[in-house]
Amino acid sequence: MDGRDSGTRDGAVAGAHILVVDDDPRLRRLLQRYLTEQGFRISVAASAAEARQVLGFMQPDAMVLDVTMPGETGLALTRALRDEGQDLPILLLTARGEPEDRITGLEAGADDYLGKPFEPRELLLRLKAHLRRFAPPAPSENLRVVRLGGLEFDPARGLLQGPGGSVHLTGGEVALLTVLARRPNETLSREEIARVLDMEEIGERAVDVQVTRLRRRIESDPREPRFLQTVRGKGYVLKPGL
């Protein structure tokens, strides 16, 4: 659906390194065993503090993070990591799975949100989907770079660059900007965007949250957007330009 070669994407998923952070030792063992059996390399941490220690000497490909841990919560750690420029996919786990809780997770910078109890296979499928978004593009892919003022976005590589170098985007922000950049000057409905980004379960409001976050990255004044515009009653459109 995103136009990338499936073989290239699946190759990037194989052997990916996942950091699982949860204060429940039983769940940590279960996920470590299950994800290892699926071909991933797994590190575990029992708290946000332990997670920071792991991140201090290695860079995982994705993180599975419990929300309600003692001390620093998963939401607080997510916000801090995004503020530090960490752009790895983050999937939050919580005992509460209401849509409002998921929106809170997305606002904090998470890429996905899964309520407990959950099926390990669903977690696996969601992880694979997010890892594929970070996969290298197919060599044959020829997508046009779009200019957004002083920024340039390459949808083939999912890379946003400005005068000062690369601009850090979360996986969700990359996915949204890629969808819009592939069809510039074309209005996409919230429903269509939610479907492409696998956000249908959360609802169209999740799209609005991601749009708000993305505008903070690409607009000089997010309240008066030049590039990522709202089309009243229809959806959103990306209008590249200088």
Side-chain angles (χ1 to χ4, degrees), residues 16-25 27-28 31-32 35 40-116 118 123 126-127 129-131 133-134 151 158-162 164-177 197 199 202 205-219 222:
H17 181 192
I18 312 298
L19 174 59
V20 175
V21 188
D22 198 298
D23 62 319
D24 182 345
L27 183 59
R28 287 201 309 274
L31 291 180
Q32 183 173 26
L35 293 175
F40 293 103
R41 293 176 293 121
I42 306 299
S43 295
V44 296
S47 65
E50 286 189 18
R52 288 183 179 279
Q53 292 177 356
V54 174
L55 292 169
F57 64 84
M58 67 173 60
Q59 179 63 45
D61 297 299
M63 181 184 297
V64 177
L65 176 60
D66 184 34
V67 168
T68 55
M69 296 182 295
E72 186 178 13
T73 67
L75 287 175
L77 178 58
T78 298
R79 290 191 187 96
L81 293 176
R82 295 313 191 201
D83 289 343
E84 295 166 9
Q86 292 274 5
D87 58 358
L88 78 167
I90 297 177
L91 190 153
L92 293 178
L93 302 178
T94 178
R96 299 183 299 174
E98 295 300 319
E100 190 63 33
D101 298 319
R102 300 186 181 199
I103 293 296
T104 301
L106 293 174
E107 288 175 335
D111 296 285
D112 210 341
Y113 209 93
L114 194 57
K116 299 178 181 179
F118 58 87
L123 173 66
R126 288 174 181 260
L127 274 175
H130 292 296
L131 288 166
R133 290 175 182 158
F134 279 72
L151 302 173
L159 183 64
L160 181 66
Q161 292 185 303
S166 297
V167 178
H168 287 289
L169 297 176
T170 68
E173 292 163 355
V174 170
L176 173 60
L177 186 52
L197 299 183
M199 290 182 174
I202 307 175
R205 187 181 167 197
V207 175
D208 297 334
V209 170
Q210 291 287 21
V211 166
T212 298
R213 291 183 58 84
L214 182 56
R215 279 175 173 160
R216 294 172 186 159
R217 309 287 193 182
I218 67 174
E219 304 283 359

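All residue numbers refer to positions in the sequence shown, counting from 1.
- Taken to the nearest 0.5 Å, the OG1 atom of T94 stands 4.0 Å off from the OH atom of Y113.
- A distance of 11.5 Å separates CZ in R213 from CG in L176, rounded to the nearest 0.5 Å.
- Only one option out of I18, V54, L55 pairs with M63 in a side chain to side chain contact (heavy atoms under 4.5 Å, CB included); it is L55.
- No side-chain heavy atom of S166 sits less than 4.5 Å from a side-chain heavy atom of L160.
- Here T73 contributes atom OG1 and D66 contributes atom CG; the two are 9.5 Å apart, rounded to the nearest 0.5 Å.
- Here the closest non-hydrogen pair linking A45 and A51 is CB-N, 3.6 Å.
- Each of V21, D22, L75 was compared with M69 under the side chain to side chain contact (heavy atoms under 4.5 Å, CB included) criterion, and only V21 meets it.
- A heavy-atom distance below 4.5 Å is not found between the side chains of L65 and L91.
- At a threshold of 4.0 Å, the pair D111-R82 counts as salt-bridged, since one of the basic side-chain nitrogens sits closer than that to a carboxylate oxygen.
- At distances below 3.5 Å, not a single donor-acceptor pair connects side-chain atoms of E219 with backbone N or O atoms of R215.
- Annotation: the span from D208 atom CG to I103 atom CD1 amounts to 8.5 Å, rounded to 0.5 Å.
- Side-chain atoms of L93 and L31, non-hydrogen and from C-beta on, do get closer than 4.5 Å to each other.
- To the nearest 0.5 Å, atoms CD (Q59) and CG (L19) are separated by 9.5 Å.
- When all heavy atoms are compared, the tightest approach of M58 to S43 is SD-OG, 3.7 Å.
- A 4.5 Å side-chain heavy-atom check between T212 and P222 finds every atom pair outside the cut-off.
- No donor-acceptor pair under 3.5 Å is formed between the side chain of D23 and the backbone N or O of A46.
- Counting all heavy atoms, side chain and backbone alike, L131 lies closest to A62 at CD2-CB, 4.0 Å.
- In this structure, E107 does not pair ionically with R79, as no charged nitrogen and carboxylate oxygen lie closer than 4.0 Å.
- When every heavy atom of E72 is checked against every heavy atom of A80, the shortest pair comes out as OE2-CB, 4.4 Å.
- Side-chain atoms of H130 and D112, non-hydrogen and from C-beta on, do get closer than 4.5 Å to each other.
- We find the OG1-CD1 distance between T78 and I90 to be 4.5 Å, quoted to the nearest 0.5 Å.
- Closest non-hydrogen pair, D87 versus L169, comes out as CB-O, 2.9 Å.
- Heavy-atom minimum distance, V167 versus G162: CG2-N, 4.2 Å.
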